[in-house]
Engineer: 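Structure in structure tokens, see below.
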Amino acid sequence: MQFIAMLGRQPAIGIAELERVHGDVHWFGHDSAIVNCESFDIERLGGTIKAGIVVSELTGSDWRKTSMELVRTYARKWQGSSGKITVGISAYGFTITVQEVKRTGHILKSKLKESGVSLRVVPNEHTAISSASSHHNKLGLSPNKVELIIVRGHNGKVVIAESTGSQNITALARRDQARPARDAFVGMLPPKLAQIVINLAVGSKEKPLNLLDPFCGTGVLLQESVLMGYDVIGTDLSEKMVSYSNKNLEWLQGHHNIKTKWKLFAGDATDTKWPDRIDAVATEAYLGQPFSAPPSNKKLAEVRNTCDTVIGKFLQNIAGQIESGTPLCIAVPAWNNGNDRFTHLHIVKKLDGYGYKQIAFKNVSARDLLYYRPGQVVARELLVFEKQ
Ligand SMILES: C[S@@+](CC[C@H](N)C(=O)[O-])C[C@H]1O[C@@H](n2cnc3c(N)ncnc32)[C@H](O)[C@@H]1O
């Protein structure tokens, strides 16, 4: 089957995640990707905000032609429906106003009214409905709640897709905010980013699988891993953090039917010997201290040196404990100098010296995998590699 995925705020990271999980993936527009696969589970993807099954493709279409095609197709498809239908219309990549999208909805509504079918059109605030609104209206989750995702791609082709659901922002926010043990200093890895790091590491590897987070902190990545069905080992230098991770996993177990196992203990990532087989490593490593403004050169050199040392020693330590081909994704710090020019760790260029090789992507280059928000000094660079 062919799906279209609408990518999140950083599309390059979203498409890299899809490529690792599904393989047969390519860019369609600047924020969308075509994915060829048997099934598509948006709940486990951090970088995709909406997805739909491609139902038709039009060539050389502008919005007028596309709109006429939509009205003709769906007035026919729904003419015999008994219950009420809710539809949302989302257009991407067209140079049109929101009024033009609304007009398509109105025409479809009045055509269906003529055949006695009641249609509710979800109001558009923009040419595309926000993923929050799609989620709250449960679009794509039942046959009578449909979102039509219409995307004009780089090549001028237009894809019409029927949504299969959007990112569950309510569940993500709950997992982030309601967990009992949080620590602002250790940092708040957003659950979406945790999913991305896990997927970049594990890719399409089969379960059961033992995943290690050696800098587990409060356990965000462990939480997302067990929800995705992986067994986890979490370790951290700090006993307090290990107890936080444990508390959070117990809390999660109270809310979800978790069937996988977890093991937690305190340990220094630079010299711990993990007793179990490790099939994949996914972690947000030590990021150094947080900064609200770019640090002085001296301070930056100091922090960079500490992070290089800790993460470099960890890479040496783990290399002797995993088999060739074991995948790793590590979020490491990179510092924004204030004008979107970044200072990177030295180890980023030395992975082969430690006995690893970088995993290459078809759609993006490794340097695109830099996760940050405007104004944030410490970005997370996502390194994806495997043991040689
Ligand atoms: C950026 S935080 C990770 C936060 C985590 N992703 C979470 O969900 O809270 C980095 C963690 O690395 C731990 N740490 C620092 N140096 C370490 C070392 N040498 N070995 C193991 N853990 C270490 C810190 O205690 C901290 O919890």
Side-chain angles (χ1 to χ4, degrees), residues 46 172-201 211-228 230 232-252 262-275 278 280-291 302-319 321 328-335 345 347 354 370-373 376-383:
L172 283 164
R174 193 181 327 112
R175 295 210 289 278
D176 191 20
Q177 286 150 24
R179 64 206 174 98
R182 290 158 60 82
D183 185 299
F185 189 77
V186 163
M188 298 286 179
L189 178 69
K192 276 197 246 189
L193 181 55
Q195 289 180 319
I196 292 172
V197 172
I198 297 161
N199 283 321
L200 286 174
L211 185 143
L212 169 70
D213 180 352
F215 298 88
C216 70
T218 63
V220 177
L221 205 134
L222 301 176
Q223 283 185 253
E224 296 308 315
S225 303
V226 295
L227 287 174
M228 287 155 88
Y230 302 123
V232 291
I233 305 152
T235 53
D236 196 284
L237 192 57
S238 148
E239 291 274 2
K240 180 170 129 188
M241 286 303 131
V242 173
S243 75
Y244 276 22
S245 277
N246 197 36
K247 225 179 186 175
N248 285 332
L249 283 166
E250 279 174 355
W251 169 81
L252 192 74
W262 71 76
K263 186 183 269 185
L264 301 171
F265 57 94
D268 185 333
T270 65
D271 62 13
T272 294
K273 296 279 167 271
W274 289 275
I278 294 163
V281 177
T283 190
E284 178 191 35
Y286 177 59
L287 301 178
Q289 69 193 81
F291 293 110
E302 225 174 84
V303 181
R304 181 197 206 188
N305 190 31
T306 312
C307 293
D308 260 326
T309 306
V310 172
I311 301 168
K313 282 187 175 170
F314 160 66
L315 291 178
Q316 268 169 352
N317 178 33
I318 191 82
Q321 303 184 50
L328 304 89
C329 176
I330 308 191
V332 301
W335 294 268
L345 288 182
I347 54 142
Y354 287 104
L370 202 55
Y371 183 94
Y372 66 103
R373 294 192 170 275
Q376 211 172 38
V377 177
V378 186
R380 292 153 171 121
E381 180 160 12
L382 311 180
L383 305 178

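Order of listing sets the numbers, starting from 1, for every ligand and every atom in it.
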Engineer: Could you tell me the residue and atom name of the protein heavy atom closest to atom 6 (N) of ligand 1, and the distance to it rounded to 0.1 Å?
Structural biologist: E284 OE1, 2.8 Å
Engineer: When rounded to the nearest 0.5 angstrom, what is the spacing between CD1 in I318 and CG in L328?
Structural biologist: 7.0 Å
Engineer: Kindly determine whether F314 and Y286 satisfy ring-ring contact (aromatic ring centres under 6.0 Å, His included), including the steps that lead there.
Structural biologist: CA-CA 11 Å; F314 160 66; Y286 177 59; over 10 Å; no
Engineer: Roughly how far, to the nearest 0.5 Å, is the CG atom of N246 from the OG1 atom of T218?
Structural biologist: 12.5 Å
Engineer: Between Q195 and N199, is there a side-chain donor-acceptor contact under 3.5 Å, judged purely by atom types and distance?
Structural biologist: no
Engineer: Hey, could you give me the NZ/CH2 distance between K263 and W274, rounded to the nearest 0.5 Å?
Structural biologist: 13.0 Å
Engineer: Do the side chain of R304 and the main chain of P333 share a donor and acceptor less than 3.5 angstrom apart?
Structural biologist: no
Engineer: For atom 22 (N) of ligand 1, which protein heavy atom lies nearest, and how many Å away is it?
Structural biologist: L237 N, 3.1 Å
Engineer: What protein heavy atom sits nearest atom 15 (C) of ligand 1, and how far away is it?
Structural biologist: Y286 CD1, 3.7 Å
Engineer: Among protein heavy atoms, which sits nearest to atom 19 (N) of ligand 1, and what does the distance come to when rounded to 0.1 Å?
Structural biologist: D268 OD1, 3.0 Å
Engineer: Of all the non-hydrogen atoms in the protein, which one sits nearest to atom 14 (N) of ligand 1, and at what distance?
Structural biologist: F215 CD2, 3.8 Å
Engineer: Could you grab the distance from atom CG of L264 to atom CD of E239, nearest 0.5 Å is fine?
Structural biologist: 11.0 Å
Engineer: Please determine whether any non-hydrogen atom of G267 lies less than 4.0 Å from an atom of ligand 1.
Structural biologist: yes
Engineer: Give the contacting part of M241 toward ligand 1: side chain, backbone, both or neither, where contact means a heavy-atom distance below 4.0 Å.
Structural biologist: side chain
Engineer: Tell me whether ligand 1 is touched by A194 - counting only heavy atoms on the residue side and a distance under 4.0 Å.
Structural biologist: no
Engineer: Starting from atom 11 (C) of ligand 1, which protein heavy atom do you reach first, and at what distance in Å?
Structural biologist: D236 OD2, 3.6 Å
Engineer: Any idea which protein heavy atom is nearest atom 9 (O) of ligand 1, and the distance to it?
Structural biologist: T218 OG1, 2.6 Å
Engineer: So that I can tick it off, tell me whether K313 and D271 are bridged by a salt bridge, with the cut-off set at under 4.0 angstrom between side-chain N and carboxylate O.
Structural biologist: no
Engineer: Considering C307, C216, A266, which one's heavy-atom position lies nearest to atom 5 (C) of ligand 1?
Structural biologist: C216
Engineer: Could you tell me which atoms of ligand 1, counted from 1 in the order shown, lie closer than 4.0 angstrom to a heavy atom of P214?
Structural biologist: 21 (C), 22 (N)
Engineer: Going by the atom numbers of ligand 1, which of them fall below 4.0 Å from some non-hydrogen atom of A285?
Structural biologist: 1 (C), 10 (C)
Engineer: Give me the one residue out of L249, D213, L211, V220 that meets side chain to side chain contact (heavy atoms under 4.5 Å, CB included) with S225.
Structural biologist: L211
Engineer: Identify the closest protein heavy atom to atom 8 (O) of ligand 1: which residue and atom is it, and at what distance?
Structural biologist: V220 N, 3.0 Å
